[in-house]
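Remarks on the structure that follows.
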Amino acid sequence: MTHHLTRRAVIAGLGLYGTTALANAPLTSVRPQARQSDLPRVRPRARADIGEMIAASGLAGQVGFVIADATTGEVLEAIDGANPRPPASVTKAVTALYAIEALGGDYRFKTDVYATSPVIDGRLDGDLILAGGGDPNLLTDDLYALSETLKATGIIEVTGRFLVWGAALRGVEEIDEAQLDHLGYNPAVSGLNLNFNRVHFEWKREGSTYTVAMDARSETLRPVVNMAKMRLADRTTPVYAYRDGGGVDEWSVARGALGGSGSRWLPVRYPALYAGDVFRTFMKEHGVVLPAAERVTDLPAAQVIASHQSPELTRVMRDMLRFSTNLTAEAAGMTASTKISGAQRGLRTSALGMTRWTKDRAGILPEFVDHSGLGDASRISAGDMVSLLNADGVQSTLAPILKDIVMRDAEGRPLSSPPGEVRAKTGTLNFVSTLAGYLTTAGGRTLTFAFFAADLEARERGKAAGDERPNGSITFNTKAKRLQQVILQRWMRMGDVQALETAEVAAD
């Protein structure tokens with residue numbers, strides 16, 4: 001069977017949850033009553049009290065929300081806007097701004113092949129080196145194209161070593177150590193990455209047993225992977241177990257949990273060796289036999305003989321915000337920190353650098369432990385997030401690359417004629433649901449907003465239980481997403497009325 005996966009499908013497979021059913025909100029318009037000349041002038045209070053709406057949703061005490069005018073910065077409505085909460089993947093909006101401003105929107109990541117001596121008559125009497133430049137979006141088809149570029153140089157034999165170099169970034173084995181081992185959205189980070197550092201595990205029942213395969217499939221190819229192994233185990237739990245095999249990812253899976261057939265992406269802990277494994281397979285197809293890949297931390301003196309470049313950074317960040325790819329955020333954030341500081345930074349130190357940068361950029365003080373939002377120890381308030389979105393020059397950079405948020409009715413159906421538009425970044429963890437960005441009203445007024453909902457006690461209980469999706473987490477996140485829609489659709493309709501009434505009060 002031939003398998004075809006588009007780049008979009010590969011990226012989209014990283015998502016955690018989909019958008020669920022949401023609701024419209026009723027609106028009543030009450031004009032302000034005439035006042036005596038000696039009464040204080042105050043801006044009319046927003047109707048349909050948001051506190052009552054939050055209470056009706058079942059999320060009382062767990063939501064922070066702030067909405068402001070994008071032009072003046074005036075806060076129009078707020079509830080618990082100063083209380084820091086985990087931003088989840090809304091963090092990626094901060095990372096996108098951080099990376100673009102540090103590196104430039106036209107920055108491109110490079111992946112190079114080096115040779116330590118000249119290629120003479122097709123023969124390299126030296127080492128061949130596959131060297132990553134931090135590209136987080138390198139896919140198997142890209143690596144195959146790089147192998148074709150190398151083959152086109154006329155190389156037919158390598159007598160030295162085959163080396164892989166991923167030290168352009170200070171690597172980590174996983175983004176968040178508190179996550180379960182088998183979650184594909186929590187991979188290692190390296191300067192040499194492939195397929196978002198995930199390997200595809202597939203199983204098929206054949207009689208009383210199973211056949212299993214580990215591969216690096218992408219759009220048109222399905223190379224077998226040797227540095228990741230899977231073993232069937234006769235146990236009930238855990239479903240997946242990981243063991244570090246010293247350069248090999250050794251997995252086992254509970255036989256009884258497999259069912260008939262299926263597949264899932266598992267994280268890779270040795271990304272550079274993973275990329276080297278696949279590249280070696282491709283070069284063998286081209287008639288060039290390479291020895292097994294060896295990792296090096298120092299790049300030897302050598303000449304570039306083949307290269308691959310990523311799309312420009314603005315496009316990479318747009319895709320990251322759309323598909324919420326954690327590896328992309330970490331690699332981009334760490335690359336930006338290296339540029340700003342002039343030295344390599346580990347993931348946590350890099351996130352601290354982004355925290356300090358954000359303070360300088362918008363006069364706020366969040367706390368980030370990573371660039372993706374996967375770690376739930378990150379904190380930012382709804383008010384501070386709105387301040388960042390309203391800072392000079394931020395909207396022109398972020399708004400064009402944020403995702404269009406579909407407006408839905410009470411049954412979750414997309415509205416055919418929504419009363420406005422929302423471009424924003426979503427965020428989802430178990431018992432955490434966030435959304436922040438820009439809202440355009442029916443009359444064309446632009447508002448900035450941030451919505452952060454979290455039940456941290458329930459989240460801790462779920463983590464202690466070791467469940468991938470703890471009991472109650474889907475219900476919590478569904479309620480939060482419904483509430484997001486109720487509030488935003490309310491402001492789409494009333495934002496222009498509120499602006500008119502405010503102007504009338506000022507003119508009295």
Side-chain angles (χ1 to χ4, degrees), residues 84 87 89-112 131-138 165-177 187-193 197 271-272 295-299 309-317 320-321 325-375 377-380 384-385 387-389 391-394 397-398 401:
S89 283
V90 166
T91 303
K92 294 183 177 73
V94 182
T95 300
L97 181 69
Y98 180 60
I100 290 172
E101 292 196 355
L103 301 170
D106 58 353
Y107 178 85
R108 295 174 185 264
F109 296 95
K110 287 184 63 181
T111 304
D112 295 316
D135 188 351
N137 287 16
L138 188 74
W165 183 74
L169 297 178
R170 187 174 295 176
V172 295
E173 291 186 0
E174 51 189 340
I175 297 170
D176 181 21
E177 296 178 355
V189 181
S190 167
L192 179 56
N193 307 292
N197 293 341
R295 288 185 300 169
V296 291
T297 56
D298 296 319
L299 190 61
Q309 285 193 337
S310 75
E312 68 279 3
L313 183 62
T314 297
R315 177 180 166 187
V316 172
M317 293 296 93
M320 175 194 73
L321 293 173
T325 45
N326 293 328
L327 176 66
T328 306
E330 302 305 344
M334 293 171 71
T335 302
S337 293
T338 297
K339 175 68 177 296
I340 290 172
S341 66
Q344 278 194 350
R345 294 288 182 262
L347 191 153
R348 301 292 177 250
T349 306
S350 177
L352 177 61
M354 188 170 79
T355 298
R356 292 170 174 165
W357 176 89
T358 308
K359 177 184 177 182
D360 294 338
R361 185 68 174 81
I364 61 176
L365 187 58
E367 181 180 358
F368 297 115
V369 299
D370 56 34
H371 299 286
S372 62
L374 188 58
S378 291
R379 292 290 185 274
I380 187 173
D384 278 354
M385 189 67 205
S387 293
L388 177 62
L389 293 172
D392 290 344
V394 173
T397 298
L398 282 186
I401 61 175

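For the numbers below, each heavy atom of this structure counts, side chains included, while hydrogens, waters and symmetry mates do not. As the structure is a computational prediction, the values presented were derived from the model and not from experiment.
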Q | Spacing of OG1 belonging to Thr297 relative to CZ belonging to Arg170, to within rounding of 0.5 Å | A | 12.0 Å

Q. Got a donor-acceptor contact below 3.5 angstrom from the Lys359 side chain to the Ile364 backbone?
A. no

**Q.** Distance (rounded to the nearest 0.5 Å) between Glu174 CD and Leu374 CG
**A.** 9.5 Å

Q | Exercise: identify the closest heavy-atom pair between Leu365 and Asp384 | A | N-OD2, 3.8 Å

(Q) Taking CG in Asp360 as the centre, count heavy atoms belonging to other residues, nucleotides or ligands within less than 6.0 Å. Is the count above 12? (A) yes

(Q) Nearest 0.5 angstrom please: Leu347 CG to Ser372 OG, how far? (A) 7.5 Å

Show the atom names and distances, to 0.1 Å, of all donor-acceptor pairs under 3.5 Å that link a side chain in residues 102-111 to residues at least two apart or in another chain.
from, atom 1, to, atom 2, distance (Å)
Arg108, NH1, Ser310, O, 3.0

Q: Indicate the atoms forming the closest heavy-atom contact of Ala99 with Met317, along with that distance.
A: CB-SD, 4.3 Å

Q) Tell me, which pairs form a side-chain hydrogen bond (donor to acceptor under 3.5 Å, both in side chains) where one or both residues lie in residues 342-357, sequence neighbours left out? A) Ser337-Ser350, Ser350-His371

Q: Evaluate the criterion side chain to side chain contact (heavy atoms under 4.5 Å, CB included) for residue pair Glu330 and Val172; output intermediate values, then yes/no.
A: CA-CA 10 Å; Glu330 302 305 344; Val172 295; over 6 Å; no

Q) NZ of Lys92 to CG of Asp370: how many Å apart, nearest 0.5 Å? A) 8.0 Å

Q.
Using the rule given for side chain to side chain contact (heavy atoms under 4.5 Å, CB included), can you reason through Ile100 versus Ile401, listing the C-alpha separation, both sets of side-chain angles and the distance that settles it, and then say yes or no?
A. CA-CA 11 Å; Ile100 290 172; Ile401 61 175; 3.9 Å; yes

Q) How many angstroms lie between atom CG of Leu138 and atom CD of Gln309, to the nearest 0.5 angstrom? A) 12.5 Å

Q. Closest heavy-atom contact between Ala362 and Ala391?
A. CB-CB, 4.2 Å

**Q.** Side chain Trp165, main chain Gly132, donor-acceptor under 3.5 Å
**A.** no

(Q) I need the minimum non-hydrogen distance between Ser190 and Leu169, along with the two atoms involved. (A) O-CD1, 3.7 Å

Q.
Going by the rule ring pair (Phe, Tyr, Trp, His ring centres under 6.0 Å), which residues pair with Phe368 if we only count those two or more places apart in sequence or in a different chain?
A. none

Q) Looking at Leu398 and Ala93, what are the two nearest heavy atoms and their distance? A) CD2-O, 3.6 Å

Q) Which of these, Pro84, Pro366, Pro87, sits in a side-chain contact (heavy atoms from CB on, under 4.5 Å) with Ser378? A) Pro87

Q. If only atom types and distance count, is the side chain of Asn197 paired as donor or acceptor with the main-chain N or O of Pro271 below 3.5 Å?
A. no

Q: Take atom CD of Glu101 as the centre, draw a 6.0 Å sphere, and report whether it contains more than 12 heavy atoms from other residues, nucleotides or ligands.
A: yes

Q.
A side-chain contact here means heavy atoms from C-beta on lying under 4.5 Å apart; do Leu388 and Leu97 qualify?
A. yes

Q) Measuring from Ile340:CD1 to Thr335:OG1, what's the distance to the nearest 0.5 Å? A) 11.0 Å

**Q.** Residue pair Val94 / Met385, side-chain heavy-atom distance below 4.5 Å
**A.** yes

Q: Grab the two heavy atoms, one from Pro187 and one from Leu327, that are nearest each other, plus how far apart they are.
A: CG-CB, 4.4 Å

**Q.** Partner of Thr328 by side-chain hydrogen bond (donor to acceptor under 3.5 Å, both in side chains), out of Asn193, Asn137, Thr95
**A.** Asn137

